[in-house]
There are 4 protein chains.
Amino acid sequence: MYCYLMTTTGRPAGPTEDTTTVVLTAALDLLLAEGAAALTAQRLHQATGVSRSTIYRHWPTPTAVLGALIEVAPSPPLEPTGDVSRDLHAEVDALCNRLRDKPVAAFLQALTAVAASDPDARELREQYVGDLLAPFRAVLRDAGLPSVAADDAVAAIVSPLLVDALLLGRPTARTRAHRMVDVQIAMVAR
Amino acid sequence: MYCYLMTTTGRPAGPTEDTTTVVLTAALDLLLAEGAAALTAQRLHQATGVSRSTIYRHWPTPTAVLGALIEVAPSPPLEPTGDVSRDLHAEVDALCNRLRDKPVAAFLQALTAVAASDPDARELREQYVGDLLAPFRAVLRDAGLPSVAADDAVAAIVSPLLVDALLLGRPTARTRAHRMVDVQIAMVAR
Amino acid sequence: MYCYLMTTTGRPAGPTEDTTTVVLTAALDLLLAEGAAALTAQRLHQATGVSRSTIYRHWPTPTAVLGALIEVAPSPPLEPTGDVSRDLHAEVDALCNRLRDKPVAAFLQALTAVAASDPDARELREQYVGDLLAPFRAVLRDAGLPSVAADDAVAAIVSPLLVDALLLGRPTARTRAHRMVDVQIAMVAR
Amino acid sequence: MYCYLMTTTGRPAGPTEDTTTVVLTAALDLLLAEGAAALTAQRLHQATGVSRSTIYRHWPTPTAVLGALIEVAPSPPLEPTGDVSRDLHAEVDALCNRLRDKPVAAFLQALTAVAASDPDARELREQYVGDLLAPFRAVLRDAGLPSVAADDAVAAIVSPLLVDALLLGRPTARTRAHRMVDVQIAMVAR
DNA sequence: ATTTAACCGAGACGGTACGTCCCGTCTTTAC
DNA sequence: GTAAAGACGGGACGTACCGTCTCGGTTAAAT
């Protein structure tokens, strides 16, 4: 990323901005429409007109494409209000929206599928899931909960959502998640 | 297509018993070692010596192999004692063991991976997950819990285990699951 | 060629007769029209409609194609009359015809070109040139000439023809070759 | 294209002397080691560190590289003594040496290989062979031989050497060539 | 014992995708 | 204007599977 020692001569390395946007846009479309298996150099070439060579040059593996996609599509963070209950409910809504509106669910499925054969993707997947859980954990930590209890609560709230999206392929159970938030808060209050 | 009148002569259809066991055994090994992508006719041929033609004849797709595998490896059902708490803890232990000892986690990952491209596998996957949840649901239903509440409790207990096995690739959090059982029972008791 | 130990089971190996004739016919055409560089799996596929895979299966390298071509296009041997002079002149005419009518000159050029990068072709080339010279050598040997003298004579007669065909790309100097035969016979007579 | 009026300012056109020598030296090495197919811009770049662009600028085709090589490696001409026999023997020795020490044989093979696909190379090849034969022809012409007879003699002497080097890939038959010289002189004397 | 249908192995064949390599052109940057 | 570095499109290469098929030979039940 950071080039401390610029070679100073020759054309700058890396794909043209054009190429980058065209390819990644098509990649996202393909991912949503057909899943991770479609993130092939071949398919990207067919979809974009960008030559196969060029794609291999800059994104040698489907995992690399996934990585680039995740990098350019970050989650807008929510601002905490300090009220634990309200914050958690807000986070649940945000996550449900992201899972419903596709990219996140698609990323998860893709990462799971690719991880079966590519260790790099395994790593990427764990980091991605971690990033999804982080805001929840932060809210509970800020509320003074000890680490283990916070993790338990996060798991109870978020896991069912992920399982719905990933394993059962059905819309996430938003209302159940909200109930679960209340339960966890009641637990903690005691 | 429809054989109303079975011609009684000739050799009975279907693979030799030998062939079946040899192929499915190798298939399980391959699945555990390399994931669903290895359940190819090609790979099974290489692993077993059984000819590629034969494999295509009896298991035309990887999903068919997966289905056959799941069929021959059923879960031994636990006998309920009537004590809800004890039964739930027992089920948690049983599920954790099955997830730890591999086949189940591998099946889940395989089904998720294959489901990306094969609708048949999608169906198979949902049924498989349903079968995993069923015993829990049964215990809580038998205890007189209403349907929605039972589903919530099952989700809270089981989902984190599945997420651990599937998405985070780490050993399942057995003790947390047991804590969660106690929490859910306490909730219900109120 | 000769299968003493037939595997007795499974489909017989080797390309279908159809495939063989279609491919080799096209190969000869390509060779004459564009030289050895055209004996690619790719080109043969384009020219015949036979799939690239099939061609690679049976003739993995251009050298293999050349070898097959040479095998199916043998030189009809001349019958010796016993008169050395007449026989040599006849052989010169035969060779000139074969060089003029293409295949042989094309084979030589092809073998030379391919030999630059494929040792197998080197071997094939030497054998092929040897076969071209053999009849001349045979005539002179039968006439009782010692080996070295025969080789000298053959070289003097044939080499200029080969050089014309190969290096100068011009019609072979048939009349000079006949003069050379007379000269060599005169030499020997002395 | 046509510069009637040379603009006297700016850097003089053409490659740096450094570049030229570095590239052509490497080209010769590559030619001797791997044949004409290695005279690629790519390979020359790898071998020299000179950038691919630069090489394309000055030697757009492999044939151009070959041409430049031939230009810078001229044959040191022998001085005629006037004695036909001695001069011919000297020329035979000189040619055999050049064929043995590689460059010339390599040039011939390279030119033959390239000529298959590049007409320019064909021309170059014929000129090159002509230059190889010229000294012999000169000696015999100076001795008063008519054109046709001289050509016959040259062919008889030189062709076997070329065939050895090119087609049979074996050391040239130097002693036979000397014998052939004597024979030709004897012939002429009669 | 014969039928007879199905088994099984070996492999040809067309087809698609893969990942790599090279080619020739070009653009950007520095000297 | 030389030179370097590299993007880019294009094409071929050789490999690997895939799914279908066509041969052969074998096996096991029912007649």
Side-chain angles (χ1 to χ4, degrees), chain A residues 6-20 37 40-43 45-46 48-58 60-62, chain B residues 6-19 37-38 40-43 45-46 48-58 60-62, chain C residues 6-20 37 40-43 45-46 48-58 60-62, chain D residues 7 9-16 18-19 37-38 40-43 45-46 49-58 60-62:
Chain A
M6 177 64 171
T7 333
T8 194
T9 173
R11 176 173 179 161
T16 295
E17 209 181 288
D18 269 10
T19 304
T20 308
T40 308
Q42 178 79 5
R43 296 299 307 276
H45 159 61
Q46 286 169 351
T48 60
V50 170
S51 126
R52 221 156 54 87
S53 321
T54 300
I55 298 188
Y56 273 115
R57 239 189 303 271
H58 301 299
T61 66
Chain B
M6 175 68 172
T7 35
T8 58
T9 64
R11 178 174 176 162
T16 296
E17 205 175 318
D18 267 11
T19 305
T40 308
Q42 181 83 2
R43 296 299 308 276
H45 158 60
Q46 287 169 353
T48 60
V50 171
S51 128
R52 216 157 55 84
S53 322
T54 303
I55 298 190
Y56 273 115
R57 242 190 301 270
H58 300 299
T61 67
Chain C
M6 178 62 172
T7 330
T8 194
T9 173
R11 178 175 178 159
T16 295
E17 208 180 290
D18 269 10
T19 303
T20 308
T40 308
Q42 178 78 6
R43 295 300 308 276
H45 159 61
Q46 286 168 353
T48 60
V50 171
S51 129
R52 219 156 55 86
S53 320
T54 300
I55 299 189
Y56 273 116
R57 240 190 301 273
H58 301 297
T61 66
Chain D
T7 35
T9 65
R11 180 169 175 165
T16 297
D18 269 10
T19 305
T40 309
Q42 183 82 2
R43 298 298 308 275
H45 158 61
Q46 286 169 353
V50 171
S51 130
R52 217 156 55 85
S53 323
T54 305
I55 298 188
Y56 273 116
R57 238 192 303 278
H58 301 299
T61 67

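Letters go in sequence order (proteins before strands), and every chain restarts at 1.
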- Item | Phosphate contact (F:dC8 OP1 or OP2) by A:T16 side-chain N/O below 4.0 Å | yes

- Within the structure shown, what part of the strands sits under 4.0 Å from C:P60 by heavy-atom distance: base, sugar-phosphate, or nothing? nothing

- Length of the CG-P vector between A:D18 and E:dT28, whole Å: 11 Å

- Look at C:H45 and E:dG15 and indicate whether a side-chain polar atom (N or O) is within less than 4.0 Å of OP1 or OP2. no

- Task: Could you check how far CD of D:Q46 sits from P of F:dG6, rounded to whole Å?
- Result: 14 Å

- Atom CD of B:E17 to atom P of E:dC8: distance rounded to whole Å? 12 Å

- Message: Using a distance-only criterion (donor-acceptor N/O pair, under 3.5 Å, no hydrogens), is the base of F:dA7 paired with the side chain of A:T19?
- Response: no

- Query: Any side-chain heavy-atom pair from D:H45 and D:Q42 closer than 4.5 angstrom?
  - Reply: no

- Query: A:P15 or D:S53: which one's nearest nucleotide on DNA chain F is closer to the 5' end?
  - Reply: D:S53

- Looking at F:dG9, E:dG14, E:dA10, which one has an atom nearest to any side-chain atom of C:R11? E:dA10

- Return the minimal non-hydrogen interatomic distance between D:R43 and D:A38, and the atom names on each side. CB-O, 3.2 Å

- First encountered from the 5' end of DNA chain F, between C:Y56 and B:R43: C:Y56

- Has A:T9 got a side-chain N or O lying under 4.0 Å from the OP1 or OP2 atom of E:dC31? no

- Judged by atom type as modelled, is there a donor-acceptor pair below 3.5 Å linking the side chain of B:S51 to the main-chain atoms of B:S53? yes

- Query: Rounded to whole angstrom units, what separation is found between the CZ atom of A:R57 and the C1' atom of F:dG6?
  - Reply: 9 Å

- Query: Distance check: side-chain N/O of D:T54 vs OP1/OP2 of F:dA4, anything under 4.0 Å?
  - Reply: yes

- Note on the structure: Out of F:dC17, E:dA12, E:dC22, minimum distance to the side chain of C:H58 belongs to E:dA12

- Within-4.5 Å side-chain heavy-atom neighbours: C:R52 and C:I55: no

- Starting at atom CD1 of B:I55, determine the distance to atom P of F:dT20, rounded to an integer number of angstrom. 15 Å

- Of C:V50 and D:P62, whose closest DNA chain E nucleotide lies nearer the 5' terminus? C:V50

- Could you state the atom-to-atom distance from CD of A:Q42 to P of E:dG15 in whole Å? 16 Å

- Can you find a donor-acceptor pair, distance only, under 3.5 Å between C:R52 side chain and E:dG15 base? no

